Amino acid sequence: MKLRTLLVLSMLAFSSEATAGKTRLKELVAVQGVRTNELFGYGLVVGLAGTGDTEQVFFTSQSLSGMLGRLGIRVDARDIRSRNVAAVMVTARLPTYNRTGSQLDVQVSSVGNARSLAGGVLLMTPLAGADGVIYALAQGPVQVGGFEASAYGSSVRKNQPNVGRVPSGATVEKSVAPPLSSGPLMLGLKRPDATTARRIAAAIVEVFGEASAKATDPASVEVKTPEDMKDDPVGLIARIEELEVDADIRARVVISERTGTVVAGEHVRLRPAAVAHGGLQISIQNNPVVSQPSPFSRTGQTVAVPVGSIEAREEARTAVALPGTTTVEELVKALNTLGATPRDLVSIFQALHAAGALDADLEVI
């Protein structure tokens, strides 16, 4: 079988002749301090059609009792018998510089034994960051991308009905705006690499002048703000993001044992090696045989006796000498000579890496 899957996936990485194009710094780096902040909170979803938490989830009753108490209604948590309420964790992501009043999407996940959150409404839930400060308030109808129905012992379920979203359900109450003009800008590489960091610094120096940037380590580049742009840090970031460099990448082969997917990057090299790979197939069948008692027997019964048969078959394959390769195209042609399936390549690449014949990082996902 030809390795069409490997060929198609390898084309995504391109060959060495097709990588002359450059990449914008906007896709390679991010200004340190300008990042997404995780928010979370604990809340209640009400209005469920009997699919909420049961009485066994006592903290839901306690939460409902406490909420009603703040509204002036005193109810003992042990007296609450409602299946229309579910305790949930609410999460959201707050981008930097989102101003007060802007909207965020939130995700709602059940923490009890609720069967479904469909049709429910999230009550006002404060969302705090890792520092304990409340940055947003969430409330609104929950949208669930699945369902569950049961009757007379039978049930049907699609997707995950106890997880939902509230589009634009959170309102930002406090923004996160780190200062940009207090000192030099630090650009963090999304994929740390010393060669790429040096090329980024050289591209910035070429535009803004000598000593305007330097690579402090493989993961960051320090940029000094020019005198004529001291009062315009946003303009400086915009000009930096428009610059283009030829990003370097490490040679890497990514394989998935679950799906048999193999992806080879651009700089993968294969040293000369001999490979012999055979498949062992084992088939186990269970054939029931009817056993009857003797004629005129008063105690015997007719029963079905399972009889198993096991068959083992191993494919006979000869060893193949793989030549050394320098491009992805040559690598695909060399591996095509094995006649292996993409799932067989998982074992072959692991063996080549262990033998030192694969000049690349092997990553299993």
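This is a predicted model, so every value here is computed, not measured.
- Considering only heavy atoms from C-beta on, F208 stays 4.5 Å or farther from K224 through its side chain.
- Rounding to the nearest 0.5 Å places CZ of R78 at 10.0 Å from CD of Q62.
- Note that CG of N84 and CG of L44 are 12.5 Å apart. Values are rounded to the nearest 0.5 Å.
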Salt bridge (Lys or Arg N to Asp or Glu O under 4.0 Å) assessment of D53 paired with R83: CA-CA 6 Å; D53 295 335; R83 287 296 307 274; over 6 Å; no

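- When the shell of 6.0 Å around CD of E206 is examined, it contains 12 or fewer heavy atoms from other residues, nucleotides or ligands.
- Taken to the nearest 0.5 Å, the CD1 atom of I80 stands 4.0 Å off from the CG atom of L64.
- The minimum heavy-atom distance linking T60 with A87 is given by the pair OG1-CB, 3.4 Å.
- Hydrophobic clustering, with ILVMFWY side chains joined whenever heavy atoms are under 4.5 angstrom apart, groups V364 together with V268.
- Scanning both residues, P95 and L104, for their nearest heavy atoms gives CD-CD2, 3.9 Å.
- Counting heavy atoms from C-beta on, the side chains of V253 and V263 never come closer than 4.5 Å.
- Paired with L39 under the rule side-chain contact (heavy atoms from CB on, under 4.5 Å), one option of L94, T91, V133 passes, and it is L94.
- Here the side chains of I240 and I204 are in contact, with some heavy-atom distance below 4.5 Å.
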Assess whether salt bridge (Lys or Arg N to Asp or Glu O under 4.0 Å) is satisfied between R24 and E244, documenting all intermediate values. CA-CA 4 Å; R24 295 187 307 169; E244 296 182 348; 5.9 Å; no

Run L117 and V88 through side chain to side chain contact (heavy atoms under 4.5 Å, CB included) and show every step you take. CA-CA 10 Å; L117 300 179; V88 295; 4.1 Å; yes

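- Expressed to the nearest 0.5 Å, how far CZ of R199 lies from CG of L243 amounts to 15.5 Å.
- The closest side-chain heavy-atom distance from L122 to Q139 is not below 4.5 Å.
- Between the side chain of T171 and the main chain of G101, no donor-acceptor pair closer than 3.5 Å is present.
- Contact between L127 and G41 at its shortest, heavy atoms only, is CD2-N, 3.7 Å.
- Residue D231 qualifies as open at atom CG: its count of foreign heavy atoms under 6.0 Å is 12 or below.
- Contact detail for R99 and A177: the closest heavy-atom pair is NH1-CB, 4.0 Å.
- Transitive grouping of hydrophobic side chains (ILVMFWY, heavy atoms separated by less than 4.5 Å) brings L25 and V34 into a common cluster.
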Just list the side-chain donor-acceptor pairs under 3.5 Å for residues 186-194, sequence neighbours left out, or say none.
residue : atom : partner : partner atom : Å
D193    : OD2  : T195    : N            : 3.1
D193    : OD2  : T196    : N            : 2.9
D193    : OD2  : T196    : OG1          : 3.2

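- Looking at R239 and V207, their side chains come closer than 4.5 Å, going by heavy atoms from C-beta outward.
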Report the C-alpha separation of E55 and S61 in whole Å, then their side-chain angles, then the decisive distance to 0.1 Å, and conclude whether the side chain to side chain contact (heavy atoms under 4.5 Å, CB included) test is met. CA-CA 8 Å; E55 300 175 5; S61 301; 6.0 Å; no

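- Hydrophobic clustering, with ILVMFWY side chains joined whenever heavy atoms are under 4.5 angstrom apart, groups L236 together with L28.
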One pair to check against side chain to side chain contact (heavy atoms under 4.5 Å, CB included): L185 and V31. What are the steps and the verdict? CA-CA 7 Å; L185 292 177; V31 179; 4.3 Å; yes

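- Clustering of Ile, Leu, Val, Met, Phe, Trp and Tyr by side-chain heavy atoms under 4.5 Å joins V254 with I365.
- Of all non-hydrogen atoms in P126 and L137, the two that sit nearest each other are CA-CD2, 3.6 Å.
- Shown are H353, R269, Q350; of these, the side-chain contact (heavy atoms from CB on, under 4.5 Å) with L358 is made only by H353.
- Going from atom CG of D248 over to atom CZ of R198 covers 12.5 Å, rounded to the nearest 0.5 Å.
- D76 places no side-chain N or O within donor-acceptor distance of the main-chain N or O of D79, the cut-off being under 3.5 Å.
- For the residue pair Y42 and S63, a side-chain donor N or O sits within less than 3.5 Å of a side-chain acceptor on the partner.
- Under the 4.5 Å side-chain heavy-atom criterion for grouping Ile, Leu, Val, Met, Phe, Trp and Tyr, L123 is connected to L68 within one hydrophobic cluster.
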Salt bridge (Lys or Arg N to Asp or Glu O under 4.0 Å), that's the test. Do R93 and E38 meet it? Break it down for me. CA-CA 5 Å; R93 290 184 173 181; E38 303 294 335; 3.1 Å; yes

Dump the intermediate steps for side chain to side chain contact (heavy atoms under 4.5 Å, CB included) on V108 and V166, then the final yes or no. CA-CA 7 Å; V108 180; V166 183; 3.9 Å; yes

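- How far CG of D361 is from CZ of R250: 4.5 Å, rounded to the nearest 0.5 Å.
- A salt bridge does not link K22 with D246: none of the charged nitrogens is closer than 4.0 Å to a carboxylate oxygen.
- Under the 4.5 Å side-chain criterion, counting only non-hydrogen atoms from C-beta, V144 is not in contact with V163.
- The hydrophobic clustering, which links ILVMFWY residues whose side-chain heavy atoms are closer than 4.5 Å, places V142 and M124 apart.
- Between E27 and E241 there is no side-chain heavy-atom pair separated by less than 4.5 Å.
- Closest heavy-atom contact between L48 and A118: CD2-O, 3.8 Å.
- Side-chain atoms of N98 and V176, non-hydrogen and from C-beta on, never get closer than 4.5 Å to each other.
- Without hydrogens or angle criteria, S65 side chain to V75 main chain gives a donor-acceptor distance under 3.5 Å.
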